[in-house]
Amino acid sequence: MQLTQSMTMMEKLHILSDAAKYDVACTSSGVDRSGNGRSMGNCVAPGVCHTFSADGRCISLLKILFTNECVFNCSYCLNNCSRDVKRASFTPEEICTLTMEFYRRNYIEGLFLSSGILVSPNYTMELIYRTLHQLRHVHQFHGYIHVKAIPGADPVLLEKTGFLADRMSINLELPTNDSLRSLAPCKSRSTILKPMRQIQNGIAASSRQQLELHHWLMGQETGLSPHRADSRIGSWQSRPRFVPAGQSTQMIIGATPESDYQIMSVAEGLYQNFDLKRVFYSAFMNVTGSSDLPALPGGPPLLREHRLYQADWLLRYYHFQVSELLSEERPDFNIFLDPKCDWALRHLERFPVEINRADYKTLLRVPGIGYKSAERIVKARRGGRLDFADLKKIGVVLKRALYFITCSGRQMYPTRLEEDYICRNLMADKTQIPREIRESGYQQLNLFDLGMVAPSEPVAARMITGIPFDIPERA
């Protein structure tokens with residue numbers, strides 16, 4: 001282990017932004033919070049990490065580790081305690097400086113903060129809490145913050161941090177307890193699920209308080225004088241909400257032998273039992289070279305990750321259940337077809353669907369019809385019967401949907417409702433396997449790869465120390 005005693009903030013940023021790139025965080029912020037006139041920043045629900053908001057803006061988070069020091073020895077982790085890597089740790093003050101200066105210069109919309117385990121879970125969680133407390137109360141930062149909770153930390157620390165963060169996440173790491181015991185013996189499923197349950201309960205309690213406020217404001221409580229009413233409203237609205245954007249988790253895919261059926265069953269259980277907003281799937285890369293890990297000569301299982309995300313979308317938005325997509329007899333997804341097309345081919349008895357009569361949930365089952373397109377169809381057909389030209393304008397992907405639908409009893413083209421015939425035509429659709437996976441130019445990017453920070457030391461030094469230069473700052 002190479003310990004560095006003296007580092008500039010820029011050197012730390014290089015190390016700790018690079019170390020954070022394996023934490024998946026491409027998620028919408030999920031919470032709207034307008035600027036209050038006293039603090040800096042606000043929070044917009046469509047805001048996401050390294051992607052685009054509803055109005056077309058690319059919005060990013062400053063994604064860093066607090067430290068890449070770690071007392072654990074997880075086989076799959078680049079920063080485990082037995083690895084000979086350069087180590088660095090921020091101070092709370094340094095993270096606050098970076099966040100505020102990056103935000104002022106319009107580089108970021110918020111902060112994503114994760115960490116290795118420095119000394120102990122409690123010690124690390126205390127440092128993270130201090131960082132968020134300074135950002136919110138000393139620097140008056142009102143923007144979006146996503147923070148990783150540390151399993152094994154004191155519940156009091158988790159609760160205090162939850163009232164400062166917008167979203168919290170606890171990585172499940174691996175799909176099963178057996179896999180954890182094999183590759184991360186210092187961790188256990190119970191240690192991970194306990195704080196996950198605490199966050200769930202805290203979110204539910206905070207939501208109940210908001211609901212009580214809403215009922216009161218809608219006239220459920222009467223008999224107060226105007227002065228007392230204003231006082232009551234002010235006291236309710238000033239209360240901080242607990243993790244208002246919900247919680248998420250992440251699983252590593254391909255490091256252990258679980259099937260897609262096992263992985264999706266775990267995800268379904270997390271959605272149902274812990275009210276998670278997102279489960280992220282991270283294709284395994286053998287960055288440590290450990291003999292306990294698979295070699296993966298073909299590279300990270302990106303196509304498998306892609307299929308899992310597609311199936312996850314079906315669970316969350318399309319009213320599918322895992323048992324409809326997979327089974328113990330058929331435990332893995334089709335490599336060549338997305339899960340929805342694969343399901344439709346195995347259930348041709350449900351098709352074709354008449355666009356002008358089918359209900360919303362039936363439309364959701366049709367390949368090529370998304371949940372927004374289904375809503376538009378239901379709304380548009382109130383004004384008259386729809387044809388295929390209308391469906392194209394609505395946004396239906398007709399090259400997939402045409403085999404499974406009719407408009408006024410007619411098909412778009414003469415086609416056969418036969419599995420082999422439809423399968424051959426669907427497999428000819430190149431979008432079944434995304435271009436970035438077909439071309440396999442895969443690499444994990446860090447902060448500097450994205451061009452968010454000029455690498456020249458003079459510019460970076462001026463930015464970090466707060467000395468003004470030509471980039472306009474936000475008010």
So does [Y] get a backbone contact from the side chain of [X], meaning a donor-acceptor N/O pair under 3.5 Å?
X      : Y      : result
Gln250 : Glu173 : no
Asn68  : Lys86  : yes
Thr131 : Leu127 : yes
Arg136 : Phe163 : no
Gln198 : Val156 : no
Ser206 : Arg241 : no
Gln272 : Gly269 : no
Asp342 : Asn334 : no
His306 : Leu302 : no
Asn80  : Cys77  : yes

When you compare the side chain of [Y] with that of [X], does any pair of heavy atoms fall below 4.5 Å?
X      : Y      : result
Gln247 : Ser169 : no
Leu180 : Asp178 : no
Phe336 : Gln432 : no
Leu78  : Arg83  : yes
Leu183 : Leu293 : yes
Val147 : Asp166 : no
Tyr261 : Phe333 : no
Glu324 : Leu314 : no

Take Thr8 and Leu13 through the side-chain contact (heavy atoms from CB on, under 4.5 Å) test and state the conclusion after the steps. CA-CA 9 Å; Thr8 66; Leu13 186 61; over 6 Å; no

Taking atom [atom1] of [X] and atom [atom2] of [Y], what is their separation to the nearest 0.5 Å?
X      : Y      : atom1 : atom2 : value
Ser89  : Met7   : OG    : CE    : 9.0 Å
Phe274 : Asn201 : CZ    : CG    : 9.5 Å
Arg167 : Tyr144 : CZ    : OH    : 4.5 Å
Tyr129 : Thr161 : OH    : OG1   : 7.5 Å
Thr124 : Leu118 : OG1   : CG    : 5.0 Å
Thr67  : Ile117 : OG1   : CD1   : 9.5 Å

Can you tell whether the side chains of [X] and [Y] come within less than 4.0 Å, N to carboxylate O?
X      : Y      : answer
Asp338 : Arg307 : no
Asp312 : Lys277 : no
Glu101 : Arg104 : yes

Counting only heavy atoms not in [X] (residues, nucleotides, ligands), do more than 12 fall under 6.0 Å from its [atom1]?
X      : atom1 : result
Leu296 : CG    : yes
Lys194 : NZ    : no
Tyr123 : OH    : no

Which of these, Tyr360, Tyr317, Phe320, sits in a ring-ring contact (aromatic ring centres under 6.0 Å, His included) with Tyr371? Tyr317

Taking all non-hydrogen atoms of both residues, which atom of [X] and which atom of [Y] are closest, and how far apart?
X      : Y      : answer
Arg400 : Cys341 : CD-SG, 3.7 Å
Asn273 : Arg197 : O-NH1, 2.7 Å
Asn73  : Cys81  : CB-SG, 3.7 Å
Cys423 : Leu337 : SG-CD1, 4.0 Å
Leu65  : Leu113 : C-CD1, 4.2 Å
Pro331 : Leu326 : O-CD1, 3.8 Å

Donor on one side chain, acceptor on other, [X] and [Y], under 3.5 Å:
X      : Y      : result
Ser259 : Asp332 : no
Ser179 : Glu258 : yes
Gln134 : Glu93  : yes
Thr288 : Ser290 : no

Audit row: Leu172, Val266, side-chain contact (heavy atoms from CB on, under 4.5 Å) steps and yes/no: CA-CA 10 Å; Leu172 198 63; Val266 171; 3.7 Å; yes

When you measure from the centre of the six-membered ring of Tyr281, is the NZ or CZ of Arg304 under 6.0 Å away and within 45° of the axis? no

May I ask you to establish whether Arg365 and Tyr318 are in a cation-pi arrangement, using a distance under 6.0 Å from NZ or CZ to the six-membered ring centre and at most 45° from the ring axis? no

Determine whether the aromatic ring centres of Phe66 and Phe90 lie less than 6.0 Å apart. no

For the aromatic rings, using the six-membered ring if either is Trp, is the centroid distance between Tyr76 and Phe284 under 6.0 Å? no

Output, in order, the C-alpha distance, side-chain angles, deciding distance and verdict of side chain to side chain donor-acceptor pair (under 3.5 Å) for Thr249 and Asn171. CA-CA 5 Å; Thr249 192; Asn171 284 354; 4.8 Å; no

Trace of the side-chain contact (heavy atoms from CB on, under 4.5 Å) decision for Cys74 with Lys187: CA-CA 9 Å; Cys74 304; Lys187 298 180 180 179; 3.6 Å; yes

Under the criterion side chain to side chain donor-acceptor pair (under 3.5 Å), I'd like the reasoning laid out for Asn122 against Ser120: C-alpha separation, chi angles, the key distance, then a yes or no. CA-CA 5 Å; Asn122 275 343; Ser120 70; 5.7 Å; no

For a side-chain contact (heavy atoms from CB on, under 4.5 Å) check, start with the C-alpha distance between Ile263 and Leu308, then their side-chain angles and the critical distance, and finish with the verdict. CA-CA 9 Å; Ile263 292 167; Leu308 290 169; 4.2 Å; yes

